[in-house]
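Notes to accompany the following structure.
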Amino acid sequence: MLYCQHSLQAQKYLEVNMRFSKMFIPTLREAPSDAEAISHILMTRAGYVRQLASGLYIFLPLGWRVLNKINAILKEEMEKIGAQEISMPILHPAEIWQQTGRWDVIGDEMFRLKDRTGRDMCLGMTHEEIMTWLASKEIRSYRDLPQTWYQIQTKLRDEARPKSGILRTREFSMKDSYSFDASDEGLEKNYQLHADAYHKIFSRCGLKFMQVESDPGMMGGATSHEFMAPSPAGEDEVAICPGCGYSANVELALSVPVKTEPKDWNKEEVHTPEKRTVKEVSNFLKLSPAYFIKSILVIADKTPVLAMVRGDQDLHEKKLANVIGIHRPALKTEVKEILGVEAGFIGPAGQTIRIVADNCLKEGMYISGANKPHYHTKGIKAGQDFNAEWHDIHSAKSGDLCTKCGNPLGIERVIEIGNIFKLGTKYSAPLKAVFLDEEGNEKPIIMGSYGIGPARIAAAAIEQSNDKDGIIWPKSIAPFDAELLPLNMNDPKTVKIAEKLYSELSARGIDVLMDDRAERAGVKFKDADLIGIPVQIILGEKNLKEGLVEIKNRKTKEAVKVKIEEVVGKVKG
RNA sequence: CGGGGCGUAGCGCAGCCUGGCUAGCGCACCUGCCUUGGGAGCAGGGGGCCGGAGGUUCGAAUCCUCUCGCCCCGACCA
């Protein structure tokens with residue numbers, strides 16, 4: 001009996017919450033002026049989110065429903081690969097972060113605080129440390145492995161620059177999972193299971209996406225991939241080869257710049273008065289920038305390094321950092337001091353400092369600074385005029401050739417929606433998360449970590465699917481399956497049929513939002529399109545007189561008239 | 001952190017340069033009438049510490065200084 005009362009109440013509550021007149025859906029006719037990204041504008045206008053402060057967002061009922069839909073998919077696919085859901089604190093003691101060294105490595109991006117006793121604490125930006133701590137306490141034997149634990153948990157990062165609405169925030173929810181294995185083979189398997197699960201997740205969420213090679217960065221470990229949703233609103237770029245399928249974040253994408261027609265110059269010094277940049281000199285000498293060497297002096301750990309790329313290429317800081325470590329550009333005064341000539345006329349010839357040069361400079365003849373004010377040297381050749389450490393340190397750009405198959409690469413802007421890392425023992429070793437193998441040897445657990453940002457999925461879905469009228473949700477993550485639009489709430493017949501359809505659809509497990517407001521038809525249409533529920537069921541007086549209602553597809557705008565009795569079947573199918 | 005922009009009603013904006021009536025417009029909101037297939041119409045109404053502090057001035061939304069917040073570009077992004 002008690003149970004019955006409860007469920008009756010629940011039923012009533014549910015119904016109230018599916019009526020537009022009762023639900024909190026504050027739609028806006030105009031977008032706030034500080035919104036720029038389409039997803040940000042539409043989520044705000046359609047009443048999905050509100051901003052509390054920079055990088056902090058409130059999810060309103062519609063927005064929260066979308067996140068829950070996404071989370072449900074995440075959970076299903078995680079459980080399918082044997083991951084077990086747990087929940088970790090977001091307030092962490094400093095010691096654990098100190099043990100892995102990240103307490104010191106990570107800078108202002110970590111929120112730090114002290115508890116009342118003065119103990120250092122931080123807010124979790126990710127959970128490798130805490131997950132590993134747990135494993136270190138509980139895992140003893142190879143028999144306890146493998147394990148995969150996951151959570152959908154809040155992360156906090158004091159971002160240098162929150163941006164694009166919900167895409168880059170200081171507090172966000174993340175599905176993060178962690179695998180613990182006794183062997184590299186085990187990790188490989190879990191890594192692959194996650195990659196497969198991620199493909200299913202993003203497909204189910206209706207996204208266009210791709211998996212690309214990525215830079216493990218400070219996460220450590222050897223291998224990592226990112227899942228990217230193509231969109232101009234993204235902040236990453238990937239290089240894609242249409243020939244062999246090679247795809248990688250431009251931070252590490254390898255490419256071969258298109259070769260230039262070989263020149264056979266005699267070495268000579270050319271007077272280039274006041275011409276300093278590659279652009280200036282190449283215009284002055286009427287030669288393509290590709291015949292020049294761009295030399296950039298940087299300071300790494302107090303020692304100078306001369307980095308060189310071809311004149312038509314750009315140096316990629318991250319690629320260079322992977323070779324020489326953290327570095328900064330040299331000051332103008334340092335250039336003069338170290339190389340003996342002002343910036344603009346520096347070149348590799350005769351220099352004795354460390355030189356790191358882009359692979360493509362190995363071949364060909366170039367023009368470079370003569371290390372003498374207002375002069376450049378024509379006819380410089382690698383091996384003859386200078387020696388260097390050879391690496392791919394240029395930014396891959398559209399039209400560069402694939403290192404694997406030689407086809408021209410394309411560059412695409414993307415939103416990062418997920419990543420997977422092979423961590424190895426980076427965290428288990430310092431935190432002493434170890435196990436005994438069959439022979440009784442103590443070994444560190446082999447780990448992987450895997451993240452997905454649900455809010456980014458939502459934002460990416462909107463970025464990829466919208467029109468001038470509003471959002472067009474993929475069915476799977478829409479806040480409702482269908483929206484009922486009784487156009488004239490003053491017409492008793494309309495109301496009666498709307499109520500009937502509403503309860504019939506609900507009874508069949510279809511989530512319906514009924515726009516029961518006493519608004520005019522135009523307002524309801526506009527809001528329905530803005531909110532973006534995939535199916536609109538339109539109840540107009542004229543059609544109802546003939547026993548018909550209209551079912552309209554939000555995406556295609558196609559509408560079909562069907563008999564009232566057929567609505568449920570039609571929507572369900 | 002560097003560069004740029006903006007803070008005036010819930011939202012979008014004007015006014016500021018060249019100081020001076022009661023700070024204004026559109027939308028939204030409230031009341032009534034009317035209307036009901038693409039953000040209707042008429043009439044009436046409520047809502048503001050002009051981001052904050054200090055200064056200049058007889059007088060500051062407006063000029064000056066400081067400060068806080070938000071957005072964009074860059075740096076950064078485990």
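Within every chain, numbering begins at 1; the chains are lettered A, B, ... in the order of the sequence lines, protein sequences first and strands thereafter.
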Of all residues at least two apart in sequence or in a different chain, which pass the ring pair (Phe, Tyr, Trp, His ring centres under 6.0 Å) check with A:H40?
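Listed in chain order: A:Y57.
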Determine the contact category for [X]: base if any of its heavy atoms lies under 4.0 Å from a base atom, sugar-phosphate if only primed atoms, P, OP1 or OP2 are that close, otherwise nothing.
X: A:A31; value: sugar-phosphate
X: A:E317; value: nothing
X: A:S164; value: sugar-phosphate
X: A:A53; value: sugar-phosphate
X: A:D108; value: nothing
X: A:K552; value: base
X: A:E235; value: nothing

Have A:N419 and A:E416 got a donor and an acceptor in their side chains that come within less than 3.5 Å?
yes
Distance, rounded to the nearest Å, where A:R50 contributes CZ and B:G10 contributes C1'
9 Å
With rounding to the closest Å, how many angstrom separate the C1' atoms on B:C25 and B:A9?
12 Å
Both distances below 3.5 Å, Watson-Crick or wobble geometry, any strand: find the nucleotide opposite B:C49.
none
Fit a plane to each ring of A:W97 and A:H92, take the angle between them on a 0 to 90° scale, and name the class: parallel (under 30°), tilted (30 to 60°) or perpendicular (over 60°).
parallel
